[in-house]
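Take a look at the structure below.
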Protein chains: 2
Amino acid sequence: MGKQDYGPIGIATALVRSSFLVNAVYAESSREHGLTPQQGQLLCVLMAQPYGMGELGAILGLAKSSLTGLVDRTERNGLVQREPNPQDSRAVRVGLTSQGGRLVREFYAETCRRIEKLSAGLSATDRDTLASLLGRVVLDNQVPMVFIEPDEGAPAARRY
Amino acid sequence: MGKQDYGPIGIATALVRSSFLVNAVYAESSREHGLTPQQGQLLCVLMAQPYGMGELGAILGLAKSSLTGLVDRTERNGLVQREPNPQDSRAVRVGLTSQGGRLVREFYAETCRRIEKLSAGLSATDRDTLASLLGRVVLDNQVPMVFIEPDEGAPAARRY
DNA sequence: TCGATATAATTCGTGAAGCGAACTATCTGG
DNA sequence: CCAGATAGTTCGCTTCACGAATTATATCGA
């Protein structure tokens with residue numbers, strides 16, 4: 001209850017501030033790779049597999065018209081491409097170009113490195129505890145597959 | 001190490017995804033209060049006290065030209081106001097209007113409520129642990145005073 | 001088979017956001 | 001008193017995000 005070291009902060013404040021922190025790191029890492037944060041996020045999602053525009057909208061929480069623009073700009077930069085969907089000629093599949101693939105692997109690794117550094121002041125045990133607790137929060141809340149881990153969602157579990 | 005429940009995720013992934021989650025909740029709460037997330041954040045910062053443009057730029061991590069626009073728009077909506085700084089006639093103090101104060105108290109409380117709900121699946125003990133660990137991360141990384149808690153940074157500790 | 005409806009995506013117009021460069025006004029140190 | 005430094009604003013630009021309207025294709029039912 002003491003105030004000598006600012007005292008404990010509530011869960012909401014802690015979550016909002018850590019989110020602020022992560023956003024800032026993510027934005028800086030994006031910028032240094034010549035990406036906007038949104039384009040970086042798009043690439044990270046596509047790292048797992050190609051998606052249709054509708055699926056991407058659901059994953060990223062964007063209106064479809066917003067997504068058209070984002071994909072346009074990222075495509076203009078040569079990082080993603082639209083391919084016709086053989087099953088449905090209305091639809092497209094958005095996937096990484098080889099340049100986009102190369103860039104996102106670098107961007108993803110570097111961003112992970114920087115985000116991990118944020119918890120460098122914690123012991124390994126505490127860091128694992130934090131990862132586990134946060135992992136349960138994101139699992140409970142059905143966070144979409146943004147920022148997938150390389151071996152996460154093994155092929156057998158993929159639906160598309 | 002098993003894969004049956006997706007297995008543990010790394011600290012970086014956990015942080016990025018929880019940040020994604022928090023952003024979404026924050027954005028939705030803002031929207032429902034007639035605010036953009038940026039305007040909501042500005043109001044939350046000003047909840048503690050008025051600040052100059054330069055200070056706000058440092059706190060929010062924005063270029064000064066970006067801040068001019070943000071404060072302009074929020075002022076146009078009647079939520080903040082610029083007041084001359086008696087000590088320095090170049091400078092300005094940005095503070096909440098009474099309408100802005102009323103709105104931000106409501107917005108802040110409601111947003112906290114929603115963010116807290118994200119951890120509803122955790123036991124009280126786990127939630128406290130999570131808050132404490134995240135609290136250390138934000139403290140270690142010098143997160144600016146965004147989303148201050150009502151009794152945090154008591155008047156005696158304020159520098160301005 | 002044909003027509004109604006649903007779905008996938010794009011286009012268009014609008015406003016918010018963010019930046020850097022250039023500018024104005026004031027303050028401060030020598 | 002003048003040469004910087006500092007506080008903010010303005011300007012031009014790009015990105016981002018949305019909703020409404022549109023086009024094209026798919027699908028379902030009669």
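All heavy atoms count here, side chains included; hydrogens, waters and symmetry mates do not. Numbers restart at 1 for each chain; the letters A, B, ... are given by sequence-line order, proteins then strands.
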**First-last contacting nucleotides on DNA chain C - partner chain B, under 4.0 angstrom, heavy atom** = C:dA16 to C:dC27
**Request:** Examine distances only and state if a side-chain atom of A:Ser132 and a backbone atom of A:Asp128 form a donor-acceptor pair shorter than 3.5 Å.
**Result:** no
**Prompt:** Considering only heavy atoms from C-beta outward, does the side chain of B:Met53 approach that of B:Lys64 to under 4.5 Å?
**Reply:** no
**Message:** Under a 3.5 Å distance rule, please check whether B:Ser119 uses its side chain to pair with a backbone N or O of B:Glu116 as donor and acceptor.
**Reply:** yes
**Message:** One pair to check against salt bridge (charged side-chain N to carboxylate O under 4.0 Å, His left out): A:Arg93 and A:Asp88. What are the steps and the verdict?
**Reply:** CA-CA 10 Å; A:Arg93 317 240 68 193; A:Asp88 184 340; over 6 Å; no
**Prompt:** Which comes earlier along DNA chain D counting from the 5' end, the contact point of B:Gly52 or that of A:Arg76, where each point is its nearest nucleotide?
**Reply:** B:Gly52
**Message:** Counting the atoms with a prime plus P, OP1 and OP2 as sugar-phosphate, which does A:Asp88 contact under 4.0 Å by heavy atoms, base, sugar-phosphate, or nothing?
**Reply:** sugar-phosphate
**B:Arg114 side chain reached by B:Glu28 side chain, heavy atoms, under 4.5 Å** = yes
**Message:** Would the distance check show the side chain of B:Glu83 and the main-chain N or O of B:Gly95 forming a donor-acceptor pair, the cut-off being under 3.5 Å?
**Reply:** no
**Item:** Whole-Å gap separating P (D:dA7) and CD (B:Gln87)
**Value:** 14 Å
**DNA chain D contacts among residues 63-70 of chain A, heavy-atom distance under 4.0 Å** = A:Ala63, A:Ser65, A:Ser66, A:Leu70
**Asked** Just how far, in rounded Å, is P of D:dT23 from CE of A:Met53?
**Response** 19 Å
**Separation of B:Glu106 CD from B:Ser29 OG (nearest 0.5 Å)** = 9.5 Å
**Request:** Measure from CG on A:Leu62 to P on D:dC16 and round the result to the nearest Å.
**Result:** 10 Å
**Request:** Would you please confirm or rule out a distance under 4.0 Å between OP1 or OP2 of D:dG8 and any side-chain N or O of B:Arg82?
**Result:** no
**Request:** With rounding to the nearest 0.5 Å, note down the distance linking CD in A:Gln41 to CG in A:Leu56.
**Result:** 11.0 Å
**Request:** Decide yes or no for B:Leu15 and A:Val25: does some side-chain heavy atom of the first lie under 4.5 Å from some side-chain heavy atom of the second?
**Result:** no
**Message:** Tell me if the side-chain of B:Arg90 makes a donor-acceptor pair with the base of D:dT6, cut-off 3.5 Å, by modelled atom types.
**Reply:** yes
**Item:** Atom-pair distance (CG on A:Leu79; P on D:dT15), nearest Å
**Value:** 12 Å
**Prompt:** Once you round it to whole Å, what is the distance between C1' of D:dT9 and CG of B:Leu56?
**Reply:** 15 Å
**Asked** Between residues 29-39 of chain A and DNA chain D, which residues have a heavy-atom gap below 4.0 Å?
**Response** A:Thr36, A:Gln38, A:Gln39
**Message:** Quick one, A:Asp72 and A:Arg82 - any side-chain contact, counting heavy atoms below 4.5 Å?
**Reply:** yes
**Request:** Please tell me if the side chains of A:Thr129 and B:Leu133 come closer than 4.5 Å, counting only heavy atoms from C-beta onward.
**Result:** yes
